[in-house]
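Counting starts at 1 for both ligands and their atoms, in listed order.
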Amino acid sequence: MAKHRVAYLPGDGIGADVLEAARLVLDTLGFDAEYVHGDVGWQFWCEEGNPLPDRTIEMMRTTDCCLFGAITSKPRDEAAKELAPELRDRGFVYFSPIVRLRQVFDLHTNMRPCKAFKGNPLNYRDDIDIVVFRENTEGLYSGVELHPVPREVMRFLADYQPKASRFINENPDDLAITLRVYTRKACRSIVTQAFEFAKKQNRPSVTVVEKPNVLRETGGLLVGEARDVGKGYPGIELWETNIDAMCMWLVKNPQIYSVLCAGNMFGDIISDLSAQLVGGLGFASSANIGDDYALFEPTHGSAPKYTGMNKVNPMAAILSAKLMLEYLGEAEMAQVLKNAVARVIREARVRTYDMGGSASTTQMAEEVAKYCR
Ligand code: IPM
Ligand code: MG
């Protein structure tokens with residue numbers, strides 16, 4: 001029997017290409033795992049009205065963790081048009097499988113390292129080493145949304161919050177609401193993860209990114225927990241920055257930041273921004289971690305126009321595999337993999353198109369694998 005059991009979910013578009021690249025590297029390292037394929041993505045939405053079939057979730061429950069490729073997400077109405085004709089008008093509503101998976105497995109922490117590898121021509125600067133901790137199951141992505149908004153809901157809200165009364169007379173169909181739901185538990189958990197990580201890695205600061213001057217209740221809760229948790233880590237500075245200013249500072253002085261910590265949506269935004277500073281989404285890996293399960297995925301999307309072309313940069317998926325190795329306690333393999341990636345980038349012999357080269361996805365993976373033997 002293999003030592004580890006890994007759910008293998010390539011998903012849509014380039015997902016298959018980049019996961020194959022990661023597999024090639026893992027196999028070369030001698031990573032001992034059984035991979036179990038899982039159905040997820042657009043095809044299953046079109047054919048079954050469910051982009052994340054129950055059988056996939058059940059299968060995942062029998063595994064140690066999941067390696068995930070990429071997913072095509074489309075707005076509701078566009079998605080409805082692509083549904084098989086016999087499934088239309090039967091109440092199927094498209095949802096993002098990755099957002100759902102994070103909630104189903106309570107993968108509350110999304111960790112996204114953004115480190116500049118030496119010699120990467122795409123680096124904004126060479127001295128950037130940021131790790132984003134993003135709360136992964138709540139906030140504006142909780143999925144608590146209404147459209148139309150029934151009048152009684154607005155009236156009810158106005159009883160508790162007079163500011164809601166200005167919307168009471170709106171036509172229900174002309175109103176849409178998305179709730180930003182924060183729990184103290186999730187806020188405390190994400191800041192604790194960020195501080196623990198900073199401590200383990202001897203990092204000087206944790207920057208909490210919010211907007212508590214406007215989003216007083218939700219923003220206030222997260223910042224409050226950060227202050228409280230921060231007291232337990234006297235050697236690590238807590239910086240508080242508003243999301244808008246943070247975007248500016250990340251362009252102006254990214255090298256002064258170390259660990260960033262944010263709620264779901266602001267974390268989503270700063271993780272793309274931080275990724276671009278170190279070569280773009282082709283280098284952006286991520287770990288979605290819960291108390292008893294984890295899912296590893298490149299931050300990039302499914303890039304439909306490159307489907308099956310064996311063209312895109314697989315580094316994000318390969319670096320996600322490194323995070324998986326660390327999670328599974330294979331620290332030595334993770335270190336070898338990281339050194340191999342650093343060496344391939346530094347030596348600059350094999351580069352995909354985004355880096356100005358003409359190597360294929362497979363060639364890039366083979367070059368990394370060469371240093372993993
Ligand atoms: C990400 C992606 C997802 C998200 C999308 C695909 C739903 O942007 O992982 O950052 O918003 O979380
Ligand atoms: Mg994103």
Side-chain angles (χ1 to χ4, degrees), residues 9-16 18-19 22 40-45 50-52 56 65-76 78-79 93-114 130-145 178-182 186 190 209 243 246-247 250 260-290 293-307 312 315-317 319-321 323-324:
L9 274 59
D12 300 317
I14 58 167
V18 298
L19 278 205
V40 67
W42 200 248
Q43 183 194 341
F44 302 96
W45 160 251
N50 185 354
L52 177 63
T56 303
C65 65
C66 173
L67 209 47
F68 187 94
I71 280 293
T72 296
S73 273
K74 299 191 187 179
R76 195 185 52 186
E78 253 173 82
V93 180
Y94 183 78
F95 58 86
S96 160
I98 185 66
V99 172
R100 178 70 58 87
L101 279 171
R102 292 168 183 160
Q103 290 169 350
V104 168
F105 287 91
D106 194 14
L107 307 175
H108 43 69
T109 301
N110 193 333
M111 187 188 69
R112 299 183 151 173
C114 299
I130 289 170
V131 180
V132 178
F133 279 78
R134 164 186 177 189
E135 197 291 318
N136 216 20
T137 58
E138 305 189 341
L140 275 165
Y141 298 5
S142 298
V144 186
E145 303 196 282
T178 298
L179 275 190
R180 190 183 208 232
V181 187
Y182 276 23
I190 195 66
V209 184
I243 175 67
M246 190 72 225
C247 292
L250 277 176
L260 307 184
C261 178
N264 209 340
M265 185 185 187
F266 293 164
D268 190 18
I269 293 169
I270 52 170
S271 56
D272 274 22
L273 175 43
S274 303
Q276 190 55 44
L277 298 173
V278 298
L281 291 174
F283 293 86
S285 57
S286 78
N288 299 262
I289 299 174
Y293 199 73
L295 178 153
F296 302 87
E297 51 154 350
T299 302
H300 58 65
S302 63
K305 69 176 180 188
Y306 294 126
T307 304
V312 298
M315 284 309 193
L319 289 166
S320 301
L323 297 173
M324 178 181 79

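At least one donor-acceptor pair closer than 3.5 Å links the side chain of Ser271 to the backbone N or O of Gly267.
Smallest separation of non-hydrogen atoms from Trp42 and Asp12: N-OD1, 2.9 Å.
Here CZ of Phe133 is found 7.5 Å from OG1 of Thr109. Values are rounded to the nearest 0.5 Å. Separation of atoms CD1 (Ile270) and CZ (Arg134) is listed at 9.5 Å; rounding is to 0.5 Å.
Within 6.0 Å of atom CZ in Arg100, 12 or fewer heavy atoms from other residues, nucleotides or ligands are found, so the atom counts as exposed in its surroundings.
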Atom pairs, nitrogen or oxygen, ligand 1 to protein, under 3.5 angstrom:
from     : atom 1 : to     : atom 2 : distance (Å)
ligand 1 : 8 (O)  : Asp268 : OD1    : 3.4
ligand 1 : 9 (O)  : Arg102 : NH2    : 2.8
ligand 1 : 9 (O)  : Arg112 : NH2    : 2.7
ligand 1 : 10 (O) : Arg112 : NH1    : 3.0
ligand 1 : 10 (O) : Arg112 : NH2    : 3.1
ligand 1 : 10 (O) : Arg134 : NH1    : 3.1
ligand 1 : 10 (O) : Asp268 : OD1    : 2.8
ligand 1 : 11 (O) : Asp268 : OD2    : 3.0
ligand 1 : 12 (O) : Arg102 : NH1    : 2.7
ligand 1 : 12 (O) : Arg134 : NH1    : 3.2
ligand 1 : 12 (O) : Arg134 : NH2    : 2.8

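A cation-pi arrangement, defined by a distance under 6.0 Å to the six-membered ring centre and an angle within 45 degrees of its axis, is absent between Arg102 and Phe68.
Side-chain contact between Val209 and Ile269 is absent, with no heavy atoms from C-beta onward closer than 4.5 Å.
Within a radius of less than 2.8 Å around the Mg ion (ligand 2), the protein N, O or S atoms are Asp268 OD1.
The residue from Thr72, Ile71, Thr307 that alone fulfils the side-chain contact (heavy atoms from CB on, under 4.5 Å) condition with Ser302 is Thr72.
Residues Gln103 and Thr137 have side chains that never bring a donor and an acceptor to within less than 3.5 angstrom of each other.
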